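Beneath this line is the structure, given in structure tokens, with notes to follow.
We're numbering straight along the sequence, starting at 1. Note that these values count all heavy atoms, side chains included, but never hydrogens, waters or copies made by symmetry. A quick note: this is a predicted structure, and the numbers were derived from the prediction, not measured.
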Amino acid sequence: YKDSYKNYLIIDIGFNTIDVANVVNGALIPEDIHGYEHTGAILIAEEVQKRIKQDFDIELSLARVKSVLEDKTFKVRANTYDCSDIVKKSVELYLEVLRDFLEKNYKDEMNAISNVIVMGGGSCIIEENSNQWKEYYGEGFMVFPKARGSGVYYNALGGLYIGNTKKND
């Protein structure tokens, strides 16, 4: 059991991208880190944007939809629109797309790992719907960090740390 945390896949979900890192035997090799554009939470936002247009005949910019992902509502003049169900369904669809992407691009890695760790700002959006991934990947699936909104905070800390270590090189 003590070796179970030596092999894992880290998925950092940003708004536009996801970054994937494979850790083998506790070691991360920089060449094993890959970023993929237009695969992040923007896919959820685009789906929410499309469904809002279909359901309410209202066009929202992606910037406004980004706040809908957090608040599950939006307001136009005196009307407040509940988008909880739209966001939930869009996140469920995104998790299926992301799972298919990972299976296609990281199938061998997925077979050899014990844990899948999701982090970053997008982790806060998917956390409520993450049970469907736990069913697929088992108890080794984790969304980190757990505190709402803290994914962005930890991204900022990581950026600060990397910036400081590069100055010291």
Side-chain angles (χ1 to χ4, degrees), residues 1-50 62-63 65-66 68-70 87-169:
Y1 180 76
K2 68 179 182 176
D3 293 335
S4 69
Y5 290 103
K6 288 187 174 185
N7 301 304
Y8 51 95
L9 202 65
I10 298 172
I11 305 161
D12 180 356
I13 302 176
F15 187 69
N16 187 44
T17 64
I18 60 167
D19 300 311
V20 181
N22 187 29
V23 177
V24 178
N25 292 324
L28 175 66
I29 301 169
E31 297 86 47
D32 285 345
I33 302 171
H34 300 285
Y36 301 91
E37 286 192 45
H38 203 80
T39 54
I42 192 167
L43 296 178
I44 302 169
E46 289 173 344
E47 183 67 20
V48 169
Q49 184 183 46
K50 180 179 88 177
L62 284 176
V65 172
K66 199 172 179 181
V68 173
L69 295 178
E70 294 176 18
V87 171
K88 182 177 177 17
K89 288 178 181 174
S90 298
V91 169
E92 288 172 358
L93 180 64
Y94 175 74
L95 287 172
E96 289 176 24
V97 169
L98 183 58
R99 186 183 72 204
D100 291 345
F101 170 84
L102 293 171
E103 290 296 332
K104 178 183 174 189
N105 293 288
Y106 292 91
K107 183 177 183 176
D108 291 339
E109 291 87 344
M110 297 295 279
N111 289 338
I113 62 171
S114 305
N115 300 285
V116 177
I117 301 171
V118 178
M119 54 186 13
S123 67
C124 299
I125 298 168
I126 70 161
E127 183 178 8
E128 293 173 22
N129 298 70
S130 64
N131 283 340
Q132 74 185 70
W133 267 37
K134 283 192 180 190
E135 291 171 12
Y136 191 74
Y137 291 117
E139 288 303 312
F141 172 76
M142 295 172 246
V143 176
F144 175 84
K146 294 286 186 190
R148 181 158 175 73
S150 59
V152 175
Y153 171 74
Y154 283 103
N155 277 350
L157 286 180
L160 181 63
Y161 172 77
I162 289 170
N164 285 335
T165 56
K166 287 186 178 186
K167 287 179 187 176
N168 295 330
D169 287 345

Tell me the ring-ring contact (aromatic ring centres under 6.0 Å, His included) pairs involving residues 108-131, sequence neighbours left out? none
Taking all non-hydrogen atoms of both residues into account, name the closest pair between [X] and [Y] and its distance.
X	Y	value
Gly40	Tyr94	O-CE1, 3.3 Å
Ala112	Asn7	O-CB, 3.7 Å
Val91	Ile44	CG2-CG2, 3.9 Å
Ile13	Ala41	CG2-N, 3.9 Å

Among all residues two or more places apart in sequence or in another chain, which pass the salt bridge (Lys or Arg N to Asp or Glu O under 4.0 Å) test with Glu47? Lys50, Arg51
Drop me the distance from [X]'s [atom1] to [Y]'s [atom2], to the nearest 0.5 angstrom.
X	Y	atom1	atom2	answer
Tyr8	Glu109	OH	CD	15.0 Å
Thr39	Leu102	OG1	CG	9.5 Å
His38	Asn16	NE2	CG	7.0 Å
Ile10	Asn115	CD1	CG	10.5 Å
Gln49	Leu69	CD	CG	10.5 Å

Going by the angle between their ring planes, with limits at 30° and 60°, are Tyr36 and Tyr106 parallel, tilted or perpendicular? perpendicular
Contacts table for residues 17-33: side-chain donor-acceptor under 3.5 angstrom, sequence neighbours left out:
none

I would like to know whether Leu98 and Leu43 meet side-chain contact (heavy atoms from CB on, under 4.5 Å); could you show each step before the answer? CA-CA 10 Å; Leu98 183 58; Leu43 296 178; over 6 Å; no
So do Arg99 and Met110 actually touch side chain to side chain, heavy atoms under 4.5 Å? no
Once side-chain contact (heavy atoms from CB on, under 4.5 Å) is applied, do any residues pair with Lys104, and if so which ones, sequence neighbours excluded? none
Hey, is Glu92 close enough to Lys88 for a salt bridge, meaning N to O under 4.0 Å? yes
